[in-house]
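Report on one structure; see the data block that follows.
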There are 2 protein chains.
Amino acid sequence: MLTISQLASYAGVTVRAVRHYHAKGLLPEPERDHSGYRRYDAHAVVELVRIRTLAEAGVPLARVRELLAAGEQEFSAAVADIDRRLRAEIRQLQRHRERIAQLAAGDSLALPPEVVAYLDRMRALGLPDRMVEGERDAWILVAAQLPEHMPFYMRAKQQQLDDPATLQFYRDLVHAPDWEPDDPRVAALSDQLVALIEADAEGSEGYQDAMPDELAQLLDAVFLTSMRIAPRLLELLEERGWRGWTKLERIPTPQRAAAVGRA
Amino acid sequence: MLTISQLASYAGVTVRAVRHYHAKGLLPEPERDHSGYRRYDAHAVVELVRIRTLAEAGVPLARVRELLAAGEQEFSAAVADIDRRLRAEIRQLQRHRERIAQLAAGDSLALPPEVVAYLDRMRALGLPDRMVEGERDAWILVAAQLPEHMPFYMRAKQQQLDDPATLQFYRDLVHAPDWEPDDPRVAALSDQLVALIEADAEGSEGYQDAMPDELAQLLDAVFLTSMRIAPRLLELLEERGWRGWTKLERIPTPQRAAAVGRA
DNA sequence: CTGGAACCCTGACCCAGGGTCAAGGTCAAG
DNA sequence: CTTGACCTTGACCCTGGGTCAGGGTTCCAG
């Protein structure tokens with residue numbers, strides 16, 4: 001006759017676990033001796049080892065209880081199911097590993113590699129950290145919603161950096177966060193931007209159409225709070241016939257006067 | 001400005017999870033509006049996505065909090081550590097899968113394959129299920145304690161089945177569970193067994209020596225409760241100069257008379 | 001025979017990572 | 001004004017046990 005700790009050590013589990021299995025109905029409560037101690041026979045060791053085998057394979061205890069009572073084919077069906085689950089879990093962990101592996105650099109947290117490449121290029125071109133971080137945060141948002149579009153977006157962004165005029169615009173934007181909203185340089189900036197947009201009207205439209213309005217609004221909100229001149233800049237753009245930021249659209253000509261009137 | 005459910009849906013988590021992260025200090029509590037609702041800016045989405053990225057990789061939330069505040073190299077050290085953990089977890093799951101794969105048949109629950117082969121052979125030889133199950137339970141106990149010895153034990157058991165006299169003994173044992181302890185056939189059985197033991201005294205000793213006394217006692221207990229004639233059979237064996245069951249040992253000759261006297 | 005160590009018992013609280021319910025306040029549309 | 005969809009906090013639930021508290025038991029040594 002075995003005590004609970006002997007039973008536990010034969011099966012390689014803790015005493016606490018044995019009592020837990022009793023409580024869960026996996027292992028029947030044995031007879032008690034005169035002082036109330038549980039007394040086990042050797043068969044309990046066998047049962048306990050079987051419970052452990054299933055539990056260690058990741059089978060939830062509630063399921064273990066069913067399986068121990070199940071018939072042959074029910075059991076092997078369940079085993080096949082457990083195996084499927086384990087395979088899925090392994091695949092999941094492998095994906096996590098890949099993601100974690102890209103995490104070594106701070107940027108890549110929550111970002112696919114093509115975005116990291118784009119941000120690295122911005123830095124290499126001498127654009128300041130403040131600006132790179134703004135871009136990073138914006139693309140984290142997009143990547144969370146539209147991970148499958150990221151390579152596409154990043155190709156478009158890389159093409160922007162290939163264009164000397166666009167690059168110059170970014171460089172001029174560097175100091176903008178420090179300006180007051182009524183600084184005359186804001187107007188100059190908006191002129192520069194309109195020139196860029198109109199030079200490359202078809203180029204960027206493709207990717208803007210693929211972005212849901214909701215997301216564009218979120219990104220606009222990020223922009224609007226990122227620097228004090230942002231609201232004024234959008235106002236000036238409206239005066240020049242363009243509305244929005246993330247998803248710029250030309251204000252149809254008949255209404256343009258009204259828009260200017262509002263501004 | 002976002003409500004909590006908008007924030008949650010942008011980041012792909014539940015509202016409850018967001019509040020949980022607030023409670024754990026992972027995500028700072030935002031401003032409340034006049035009615036007490038939390039109001040988030042877009043930056044919170046970024047933070048939340050980063051938290052998710054780490055948490056999904058299996059990083060405990062307490063650790064996530066530290067990591068978000070950590071510096072570059074501290075962070076990448078932690079990432080390396082997480083990757084190690086993920087690798088270990090994957091390996092663990094793969095081992096579980098192998099074990100589960102052997103579980104398709106009922107026997108193999110908690111048993112290495114060589115034991116399954118042995119049990120299958122018993123069945124193929126026409127030995128009844130009751131006996132096979134008794135053997136199975138006994139070997140589950142041994143395998144739990146001495147997994148590395150199992151191939152060795154099973155080679156010995158297979159050799160027993162190769163021997164026609166031993167096989168015949170097993171066949172004769174089939175009906176023994178139904179006998180009364182004072183059945184005269186029990187004595188015949190003990191004679192048969194002694195003849196077997198003495199014919200093959202060296203053959204089985206090797207594996208018996210490798211088994212701890214404690215385990216042998218446990219197995220004896222299983223045997224003693226498995227059929228009503230078992231205690232009587234052991235008594236008869238002692239009269240014939242052999243003590244025990246799992247680990248049979250010859251009673252030294254001077255003491256033999258005393259042993260018989262006790263019986 | 002008496003200590004003390006090592007067991008045993010039950011009941012309770014604790015962890016992550018939330019799910020779910022309850023009871024009430026708020027908001028926008030019809 | 002009502003309805004339904006939100007929001008709030010608080011509290012309890014789950015798994016698979018770990019750990020503690022407070023008490024009883026057994027066993028071995030002196």
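Given the structure is predicted, the values throughout are model-derived calculations rather than measurements. To find a chain, count down the sequence lines: A is the first, B the second, and so on, and within it residues start at 1.
More than 12 heavy-atom neighbours from other residues, nucleotides or ligands sit within 6.0 angstrom of CD on B:Glu148.
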Exercise. Go along nucleotides 18-25 of chain D 5' to 3' and tag each nucleotide: B for a protein heavy atom under 4.0 Å from its base, S when only backbone or sugar atoms are that close, - otherwise.
Key: BB----BB
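Under the rule for a salt bridge (charged side-chain N to carboxylate O under 4.0 Å, His left out), B:Arg19 has no partner lying at least two apart in sequence or in another chain.
A salt bridge between A:Arg85 and A:Asp81 is absent, with no side-chain N of the basic residue lying under 4.0 Å from a carboxylate O of the acidic one.
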Quiz prompt | Test log, rule side-chain contact (heavy atoms from CB on, under 4.5 Å), inputs A:Tyr37 and A:Thr3 | solution = CA-CA 8 Å; A:Tyr37 289 12; A:Thr3 68; 5.7 Å; no
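In this pair, A:Trp139 and A:Tyr118 present their aromatic rings perpendicular. The plane angle is above 60°, beyond the 30 to 60° band.
Each of B:Ala62 and B:Arg39 was matched to the nucleotide of DNA chain C holding its nearest heavy atom; the match closer to the 5' end belongs to B:Ala62.
Atom CG in B:Leu2 sits roughly 11 Å away from atom P in D:dC7 (whole-Å rounding). The interatomic distance linking B:His20 (NE2) with C:dC15 (P) rounds to 11 Å, in whole Å. In this structure, B:Glu29 atom CD and D:dC7 atom P are separated by 14 Å, rounded to whole Å. What separates CZ of B:Arg19 from P of C:dC21 is a distance of 15 Å, to the nearest Å. The nearest whole Å value for the distance from the CD atom in B:Glu56 to the C1' atom in C:dA16 is 16 Å. Protein atom CD1 of A:Ile51 is 14 Å distant from nucleotide atom C1' of D:dG16, rounded to whole Å. Atom CG in A:Asp33 sits about 16 Å away from atom P in C:dC7, given to the nearest Å.
Two residues are said to be in side-chain contact when any heavy atoms from C-beta on lie closer than 4.5 Å; B:Arg39 and B:Leu2 fail this criterion.
Taking side-chain N and O atoms only, B:Lys24 has a distance below 4.0 Å to OP1 or OP2 of C:dA16. Of the side-chain N and O atoms in B:Thr3, one or more sit less than 4.0 angstrom from OP1 or OP2 of D:dC7. For the OP1/OP2 pair of C:dG17 and a distance below 4.0 Å, the side-chain nitrogens and oxygens of B:Tyr21 include no atom meeting the criterion.
Judged by distance alone, the side chains of A:Gln92 and A:Arg95 do bring a donor and an acceptor atom under 3.5 Å apart.
Base pairing analysis places D:dA11 opposite C:dT20; the two distances defining the Watson-Crick or G-U wobble pair are each below 3.5 Å.
Within the nucleic acid shown, B:Arg32 comes within 4.0 Å of sugar-phosphate atoms alone, with no base atom in reach, counting heavy atoms only. Using a 4.0 Å heavy-atom criterion, one finds that B:Arg38 contacts the sugar-phosphate atoms exclusively. The residue A:Arg52 sits close only to the backbone: its heavy atoms come under 4.0 Å of sugar-phosphate atoms, none of a base.
Taking every side-chain heavy atom of A:Ile4 into account, C:dC9 is the closest of D:dT8, C:dG17, C:dC9.
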